[in-house]
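Reading through the structure tokens given below for one structure.
This structure is a prediction, so every number in the text was calculated from the model and none was measured. Computation of the quantities below employed the complete heavy-atom set of this structure, encompassing side-chain atoms and omitting hydrogens, waters and symmetry-equivalent molecules.
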Amino acid sequence: MSVSETAGVAGERRHAVLADTPYGPLTLVAEGDALVGLYMTDQRHRPPEETFGPPEDPETPPFAAAVRQLRAFFDGTLTDFDLPLAPRGTPFQRRVWAALREIPYGRTLSYGQLAERLGKPSAARAVGLANGKNPIGIIIPCHRVIGASGSLTGYGGGLDRKQRLLDFERGAPVRGRGRPDQDRGGQQALFG
């Protein structure tokens, strides 16, 4: 996944809402020229609205590029995001979020496997906690991390959204126009 991370980007926070997505409204938050947040409605660990800054048109920078790439992702024509990101977190959280970006589209890892990739094989629980605090959902694909048994465990946006994202990325049969917000016509294994 090609995502540029900008450390220490400063600027006034502002936000834009992308209302018409398969996963409900998405709130994009930016500081300077970088995204610092992408939040779903009813998301666990979603900061209070007043911390998002003033609203802006989603067609203004840096939101326009994010909106364009998110729409392409939802249309199935984009698998790798290329956006300036500046997620705020501890050094360990930022390491986990960087590792999430290395999980290929349509694939999954367990929390333990991700901990091993970070050189901390006994830190699966800490990896799970950091994964849950990911401030830039979908673009930093925390939905691609599952339980050791292959079960869906934890997702700030809800397990239904996580399942729909995984089904969408894996090309699971979907009724209608193929959008993940419509009835699923079948399931596929999470490992591939």
Residue pair Leu83 / Leu35, side-chain heavy-atom distance below 4.5 Å: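 Contact flag for Leu83/Leu35 side chains = yes.
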Under a 4.5 Å cut-off applied to non-hydrogen side-chain atoms, are Gln93 and Pro87 in contact? no
Between [atom1] on residue [X] and [atom2] on residue [Y], distance to nearest 0.5 Å:
X      : Y      : atom1 : atom2 : answer
His15  : Glu49  : NE2   : CD    : 6.0 Å
Leu70  : Tyr23  : CG    : OH    : 11.0 Å
Leu114 : Ile103 : CG    : CD1   : 5.5 Å
Leu118 : Phe92  : CG    : CZ    : 6.0 Å
Glu116 : Ser122 : CD    : OG    : 10.0 Å
Leu159 : His143 : CG    : NE2   : 13.5 Å

Could you check Asp20, Thr41, Leu18 and say which one makes a side-chain contact (heavy atoms from CB on, under 4.5 Å) with Pro25?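 Among the candidates, only Thr41 passes.
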Side-chain ion pair, Arg71 and Asp75, N-O less than 4.0 Å: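 Looking at Asp75 together with Arg71, the answer is no, because their closest N to O distance does not fall below 4.0 Å.
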Taking the basic N atoms (NZ, or NE/NH1/NH2) and the acidic carboxylate oxygens, is any pair closer than 4.0 Å for Arg144 and Glu169? yes
Could you see if [X] belongs to whatever hydrophobic cluster contains [Y]? Use Ile, Leu, Val, Met, Phe, Trp, Tyr and a side-chain cutoff under 4.5 Å.
X      : Y      : answer
Val29  : Val67  : no
Ile139 : Phe52  : no
Leu129 : Leu100 : no

Looking at every heavy atom in both [X] and [Y], which two are closest together, and how far apart are they?
X      : Y      : result
Leu26  : Phe74  : CD1-CZ, 3.9 Å
Ala115 : Ala123 : CB-C, 3.9 Å
Tyr111 : Thr153 : OH-O, 2.8 Å
Lys133 : Trp97  : O-CZ2, 3.5 Å
Ile146 : Gly150 : CD1-CA, 3.8 Å
Pro62  : Arg14  : CD-NH2, 3.1 Å

[X] (side chain) donor-acceptor with [Y] (main chain) under 3.5 angstrom:
X      : Y      : answer
Thr27  : Val17  : no
Arg94  : Ala86  : no
Lys162 : Val145 : yes
Gln113 : Ser110 : yes

Kindly indicate, with the supporting measurements, whether the criterion side chain to side chain contact (heavy atoms under 4.5 Å, CB included) is fulfilled by Glu31 and Arg88. CA-CA 11 Å; Glu31 278 183 29; Arg88 302 291 190 247; 2.8 Å; yes
Side chain to side chain contact (heavy atoms under 4.5 Å, CB included) between Leu38 and Ile140, worked out: CA-CA 9 Å; Leu38 185 155; Ile140 298 178; over 6 Å; no
Relative to each other, are the rings of Phe73 and Phe168 parallel, tilted or perpendicular (30° and 60° limits)? perpendicular
Please walk me through it: do Ile136 and Val36 pass side chain to side chain contact (heavy atoms under 4.5 Å, CB included)? CA-CA 7 Å; Ile136 308 175; Val36 296; 5.6 Å; no
In terms of heavy-atom contacts, does CZ of Arg13 have more than 12 from other residues, nucleotides or ligands at under 6.0 Å? yes
Check the pair Phe63, Glu56 against side chain to side chain contact (heavy atoms under 4.5 Å, CB included), reporting the backbone distance first and the verdict last. CA-CA 9 Å; Phe63 302 116; Glu56 283 196 10; 3.8 Å; yes
